[in-house]
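Below is one structure, written out as structure tokens; comments come after it.
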Amino acid sequence: MALTFYNTLSRSLEEFKPLSGSEARLYTCGPTVYDFAHIGNFRAYVFEDLLRRALRFEGYRVIQVMNLTDVDDKTIRGSRAAGKSLRDYTEPFKRAFFEDIDALGIERAEHYPAATDHVPEMIALIRRLEERGAAYRSDDGSVYFNISKFPGYGRLGHIDLSGLKPGARVAQDEYMKENAADFALWKAWCEEDGDVAWDSPWGRGRPGWHIECSAMSMKYLGETFDLHTGGMDNMFPHHDDEIAQSEAATGKRFVNVWMHCAHLVVDGRKMSKSLGNFYSLRDLLKRGYSGRELRYALMAVHYRQALNFTFEALDAARAALGRLDEFLRRLRETAGNALPAAALPGWAAECRAGFAAAIRNDLNISGALASVFNGVHEGNRLMAAGGLAPADAAAALDMLGELDGVLGLLAVREDRPGAEAEALLAERAAVRKAKNWARSDEIRVRLGELGWVVQDTPGGSKLVRKAGT
RNA sequence: GGCGCGAUAGCCAAGUGGUUAGGCACGGGUCUGCAAAACCUGUUACACCGGUUCAAUUCCGGUUCGCGCCUCCA
């Protein structure tokens, strides 16, 4: 089966055909660095990470760009409230963002352009729009995009402009627009902007939000590129605005495939600070969960499906990961130092094939994981029966490593117990021989405190990492 | 009001015109000093009403319920 994605533009599944045969160019809407990102944001970033890994799995060289929005209403408001410069205010949140994505096992994109580093590119793009007659200045020195000059406007979000009426949500200060749906390309400086301003052909001001994505994506990926992603909520107006301003400026198709992930809700309700169900990654780490566990929970539901985040789901993720970890541990043990067999054993080949087919089908993660777990079951069954050859185990390990290039879940860290744990384990072996069960159990409890679970097997006692530690 | 999405066993969640998805949880068993892990095993579902069909959870129509977007929220 060919690699297929659901394209929001056509509302249908389409075979992926990159512009350049072997390269996939991808733009992913990134964070606004006015606060710590929340788990809803990370749902999108984990989806995008899965996408880039899947593309690589299929053999494409990926060039991914993720923007950092470090100038907008919220960052300006935040910096002023904190009495800091915009840069000083956003810097820690940028750092935190990278720490967080590392904890979630999200691969680094090739480029993380910050909006404030690309104002000249944005100004140049706005000028192009002016030259083409697609933009106009208002009296205060702002510049707006004239949507009447772009016939396809609203196509992505399936918005019928005739149904749009200026309502309560149209801000009062936007009376200078010719049409209620016109959007700002450049915003003239106002009191609340403080010292956040750039010189432009239209006077002092700052860029609108949408223009940064067009300017930066085209700078790094070209005027037409393969994939653009974001949350559903960005479909309209943000992505429609991007299409309008980019295509109006270049006269070319902007993006071939648009992909949008559904929202995350918490306990069935929209996540919001007032409901007290608002979580950042840091909140979950404090509760003893790992980034890897959250990654699993965020990834295990198909990206176009609303994801209901619960702590039960996190606990289930922990248990599922424990099963995977244990399987890998046993495989390693069985493989020993054996060289991998030339051919995968049948069950492992099936596991790989099922996984690949599912991923190719619009990133069907449930199907992919099901295939992995079927492999786990079969492998465990063989090992329990003593029927798995070391060379086959080694080959299966390699195969799982390859699949993990997509999943990014199988902690390959081989934890070695410290000296204290090793000593306790040795002592326990001795007292068990003497049938001193009380002391034996005492040691097991102590090892648990150190983060280890004891497994007594015919081949001796083993230490296994406790979940969540 | 407009546009769109969803309803699958205790929970989460794929998928399919007729054949065991998977994970978590739970019960019984094997193994174990007891555990843990693993294996064996049990509970087997597709909101409701019509229609098409030899056959529908899967296609079509309708109903109910839930959700999202409709101007800067991933």
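Just so you know, these numbers use all the heavy atoms, side chains as well, and skip hydrogens, waters and symmetry mates.
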How is [X] classified with respect to the nucleic acid when contacts are heavy atoms under 4.0 Å: base, sugar-phosphate, or nothing?
X        : result
A/Leu264 : base
A/His263 : base
A/Asn364 : sugar-phosphate
A/Ser371 : nothing
A/Phe373 : sugar-phosphate
A/Lys433 : nothing

Taking the minimum atom-to-atom distance to the side chain of [X], which one of [options] wins?
X        : options             : answer
A/Asp441 : B/C40, B/A21, B/G33 : B/G33
A/Ala320 : B/G4, B/G23, B/G33  : B/G23
A/Arg323 : B/G33, B/C72, B/A38 : B/A38
A/Ala370 : B/C24, B/G22, B/G33 : B/G22
A/Ser366 : B/G23, B/A21, B/U71 : B/A21
A/Val453 : B/C24, B/G33, B/A36 : B/A36
A/Gln305 : B/A37, B/A38, B/G6  : B/G6

Kindly indicate whether the side chain of [X] and the base of [N] share any N or O donor-acceptor pair separated by less than 3.5 Å?
X        : N     : result
A/Arg381 : B/C40 : no
A/Arg444 : B/A35 : yes
A/Asp456 : B/C34 : yes
A/Arg428 : B/G33 : yes

Who pairs with B/U52 - Watson-Crick or G-U, where each distance is under 3.5 Å: none

Between B/G4 and B/G18 - P atom distance, rounded Å: 29 Å

Pairwise P distance for B/G2 and B/C48, with rounding to whole Å: 28 Å

A/Phe36/A/Phe93 aromatic ring centres below 6.0 Å: yes

